[in-house]
Amino acid sequence: MNDIYNAYLNMDEIAGSKTGSLAGVRVSIKDNISTKDIETTCASKILKGYIPPYDAHVITLLKAEGAVIAGKTNLDEFGMGSTTENSAFGPALNPRDVTRAPGGSSGGSAAAIAGGLVSMALGSDTGGSVRCPAAWCGIVGLKPSYGRVSRFGLIAYANSFEQIGPMAANVRDAAKLFSVIAGHDPKDSTSVNKPCDGNVVPEISGKTIGIPKEYFGEGVDAGVAAQVRKAIGKLEELGAKIVDVSLPSMKYALPAYYVTCTCEASSNLGRFDGVRFGPEPEMNLPWHDAYTKVREAGFGDEVRRRILLGTFALSAGYYGKYYVKAQHAKQLIAKDFAAALQTCDMLAGPTMPNIAPKIGELTADPLQMYLADILTVPVNIAGIPAISVPCGTAHGMPVGLQLMGRMFGEETILNAALAFEEAV
């Protein structure tokens with residue numbers, strides 16, 4: 001950690017130009033995004049001491065605009081979790097109430113903003129990992145459309161879902177940060193040439209907003225639902241047309257997501273074996289024993305759980321039963337969102353079904369932790385953009401309003417979020 005601290009003392013080395021749209025702005029970076037010459041661990045023992053020889057594409061873009069990399073932030077190990085408690089470095093705490101979790105997996109980035117350490121941060125969103133901590137910490141978090149931000153340099157967990165996304169204290173700052181990182185990168189074959197100019201305007205009048213009934217179903221806290229419905233009422237006051245819609249295949253979202261992401265994790269994390277990455281294995285052991293020992297010592301419980309689940313689902317005799325069916329379910333979910341967004345400009349609902357839990361409340365029961373993602377993972381499956389913007393409090397803690405847009409329609413939901421932010 002001293003080496004990292006010392007690297008930050010020479011700001012000229014970690015900032016790009018002294019001019020640009022982010023000149024002198026401190027931005028914290030989730031520690032699964034590669035930073036040249038600065039340790040990048042994914043909050044895992046298996047990557048302790050790993051110093052990337054290159055910057056992620058988004059870091060190159062930040063430096064070119066003069067941003068100062070203020071530090072690397074805590075996360076759930078390899079992004080696997082919803083609370084930022086599954087970290088080899090210990091849990092992150094919620095600045096709104098330090099007895100509660102900040103959300104995950106980008107909880108360190110959200111906490112840094114909510115605690116006033118920085119005004120902007122980068123996170124990554126695989127199943128809600130930008131929006132969840134944004135909602136629970138009372139800040140703004142944007143999950144971009146799949147492909148709109150380069151994933152080059154993002155250490156992969158489940159690459160068919162994940163996107164790097166901006167987090168900020170307000171909508172304008174989130175839009176400014178997004179405008180810097182959006183666009184095509186030749187090093188990422190999934191990225192698209194759709195830059196953003198960052199010029200947001202408070203615009204919601206005349207827009208049609210669909211309210212999926214599934215987003216207010218069983219399991220959504222009554223206080224959270226009341227605050228979100230109040231926020232939707234404010235959007236209607238501002239001139240939006242509110243209509244009811246349905247996403248019938250949403251009931252398949254969680255199983256489809258967790259089958260797919262664990263399968264991808266099983267594949268992506270195979271490289272951490274003590275040979276290519278991780279601590280060197282004991283050379284006097286057979287290779288398979290050395291491999292097992294390195295991974296057992298290096299990975300935490302949640303990472304091992306997801307690797308095992310994914311390996312099982314991909315094994316002979318189960319691939320068709322689980323993985324293939326999950327891909328079919330993903331197609332149904334994407335079609336439901338596309339159909340709803342044909343008649344609506346955007347959809348709205350709660351970001352999370354509850355407020356930030358007490359430390360240890362969700363991690364004691366992994367199934368409950370997985371269920372907490374029910375309102376965020378459908379967006380990742382559909383590949384569309386979504387933003388969480390604060391909309392009040394319930395039980396003394398922040399609540400997030402989630403606005404979901406058409407593919408590559410970030411500007412529309414940013415404008416709507418800004419109109420709401422300025423009206424409340």
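Position 1 is the first residue of the sequence, and the numbers go up from there. In this text, all values refer to a predicted model and were calculated from it rather than measured experimentally.
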For the pair Arg229 and Phe216, evaluate side-chain contact (heavy atoms from CB on, under 4.5 Å) and give the outcome as yes or no after the intermediate values.
CA-CA 9 Å; Arg229 289 198 180 279; Phe216 291 91; 3.3 Å; yes

Can you check side-chain contact (heavy atoms from CB on, under 4.5 Å) on Val303 and Leu269, steps first, answer last?
CA-CA 9 Å; Val303 173; Leu269 272 64; 3.5 Å; yes

Apply side-chain contact (heavy atoms from CB on, under 4.5 Å) to the pair Tyr215 and Met250, showing each step before the final yes or no.
CA-CA 9 Å; Tyr215 272 70; Met250 189 170 149; 3.4 Å; yes

Are Tyr318 and Tyr323 close enough, and set up right, to give a ring-ring contact (aromatic ring centres under 6.0 Å, His included), and what steps lead you there?
CA-CA 8 Å; Tyr318 295 99; Tyr323 184 77; over 10 Å; no

Can you list the steps and then say if Ser124 with Gln163 is a side chain to side chain donor-acceptor pair (under 3.5 Å)?
CA-CA 5 Å; Ser124 64; Gln163 279 287 276; over 6 Å; no

Worked check of side-chain contact (heavy atoms from CB on, under 4.5 Å) between Thr393 and Gln227
CA-CA 7 Å; Thr393 61; Gln227 285 298 318; 5.7 Å; no

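Between atom CG of residue Asp373 and atom OG of residue Ser82 there is a gap of 3.5 Å, rounded to the nearest 0.5 Å. One finds the OG1 atom of Thr60 at 12.0 Å from the CD atom of Glu65 (value rounded to the nearest 0.5 Å). Taking CZ of Phe272 as the start and CD1 of Ile307 as the end, the distance is 9.5 Å to the nearest 0.5 Å. With values rounded to the nearest 0.5 angstrom, Cys196 atom SG is found 11.0 Å from Leu177 atom CG. To the nearest 0.5 Å, atoms CD (Glu411) and CZ (Arg406) are separated by 13.0 Å. Between atom CZ of residue Arg276 and atom CG of residue Asp273 there is a gap of 4.0 Å, rounded to the nearest 0.5 Å.
Looking at every heavy atom in both residues, Thr40 comes nearest to Ile155 through CG2-CD1, 3.9 Å. Between Ile333 and Ala253, the closest heavy-atom pair is CD1-CA, 3.5 Å. Between Ser246 and Glu214, the shortest heavy-atom distance links the atoms OG-OE2, 2.7 Å. Closest non-hydrogen pair, Ala348 versus Ile209, comes out as CB-CG2, 3.6 Å. Shown here for Leu314 and Tyr319, the closest heavy-atom pair between the two residues is CD2-CD1, 3.8 Å. Closest approach of Ala174 and Ala168 over heavy atoms only: N-CB, 3.4 Å.
Between Val224 and Pro353, the closest side-chain pair of non-hydrogen atoms is not below 4.5 Å. Side-chain contact between Leu375 and Met352: absent, with no pair of heavy atoms (C-beta onward) separated by less than 4.5 Å. Side-chain contact between Ile413 and Pro385 is present, with at least one heavy-atom pair separated by less than 4.5 Å. Using a 4.5 Å cut-off on side-chain heavy atoms (C-beta onward), Phe161 and Val377 make no contact. Between Lys48 and Glu39, the closest side-chain pair of non-hydrogen atoms falls below 4.5 Å. Inter-residue side-chain proximity for Met404 and Gln402 is flagged as met; some heavy-atom pair is nearer than 4.5 Å. Put simply, the side chain of Pro133 does not reach to within 4.5 Å of the side chain of Thr84, judged on heavy atoms. Contact check for Leu403 versus Phe420: no side-chain heavy atoms found under the 4.5 Å cut-off.
Classification of the Phe277-Tyr50 ring pair by plane angle, with boundaries at 30° and 60°, yields perpendicular.
Ion pair Glu302/Arg305 flagged as a salt bridge, since at least one NZ, NE, NH1 or NH2 atom sits closer than 4.0 Å to an Asp/Glu carboxylate oxygen. A salt bridge links Lys63 to Asp55: one of the charged nitrogens lies within less than 4.0 Å of a carboxylate oxygen.
Using a distance-only test at 3.5 Å, with no hydrogens or angles considered, a donor-acceptor pair links the side chain of Asn74 to the main chain of Gly90. At distances below 3.5 Å, not a single donor-acceptor pair connects side-chain atoms of Trp136 with backbone N or O atoms of Thr83. Formation of a donor-acceptor pair under 3.5 Å by the Asp31 side chain with backbone atoms of Thr41 is found in this model. With hydrogens and angles ignored, the 3.5 Å screen pairs a side-chain donor or acceptor of Asp76 with a backbone N or O of Glu85. No donor-acceptor pair under 3.5 Å is formed between the side chain of Asn86 and the backbone N or O of Gly81. Side-chain N or O atoms of Ser179 include one that pairs as donor or acceptor with a backbone N or O of Lys176 at under 3.5 Å. With hydrogens and angles disregarded, a donor-acceptor distance shorter than 3.5 Å links the side chain of Arg304 to the backbone of Phe299. Counting only distance, with no hydrogens or angles, the side chain of Asn32 and the backbone of Phe78 share no donor-acceptor pair below 3.5 Å. Between the side chain of Ser106 and the backbone N or O of Ser129, at least one donor-acceptor pair lies under 3.5 Å. Within the 3.5 Å criterion, the main-chain N or O of Pro357 finds no donor-acceptor partner in the side chain of Arg100.
A donor-acceptor contact under 3.5 angstrom links the side chains of Glu410 and Ser145, judged on distance only. At a cut-off of 3.5 Å, with distance as the only test, a side-chain donor of Thr311 or Ser266 sits close to an acceptor on the other residue. Defined by atom type and a distance below 3.5 Å, a donor-acceptor pair is present between the side-chain atoms of Ser109 and Thr73. Side-chain contact annotation: Ser191 with Arg151, donor-acceptor N/O pair under 3.5 Å absent. A donor-acceptor contact under 3.5 angstrom links the side chains of Lys72 and Thr35, judged on distance only. Side chain to side chain, Glu77 and Ser44 meet the donor-acceptor criterion of an N or O pair below 3.5 Å. Under 3.5 Å, the side chains of Asp336 and Ser249 contain a donor-acceptor pair of N or O atoms.
Here the rule is side chain to side chain contact (heavy atoms under 4.5 Å, CB included) with Thr208, and of Asp345, Leu341, Leu347, Thr343 only Asp345 fits it. The side chain to side chain contact (heavy atoms under 4.5 Å, CB included) with Val228 is formed by just one residue from the set Val399, Val220, Thr351; it is Val399. Each of Arg131, Lys143, Lys30 was scored for a salt bridge (charged side-chain N to carboxylate O under 4.0 Å, His left out) with Asp125, with one residue passing: Arg131.
For the pair Arg148 and Phe408, the cation-pi criterion (under 6.0 Å, within 45° of the ring axis) is not fulfilled.
In the displayed structure, Lys187 atom NZ is contacted under 6.0 Å by more than 12 heavy atoms of other residues, nucleotides or ligands. At most 12 non-hydrogen atoms from other residues, nucleotides or ligands lie less than 6.0 angstrom from OH of Tyr252.
The aromatic ring centres of Phe152 and Tyr54 sit less than 6.0 Å apart.
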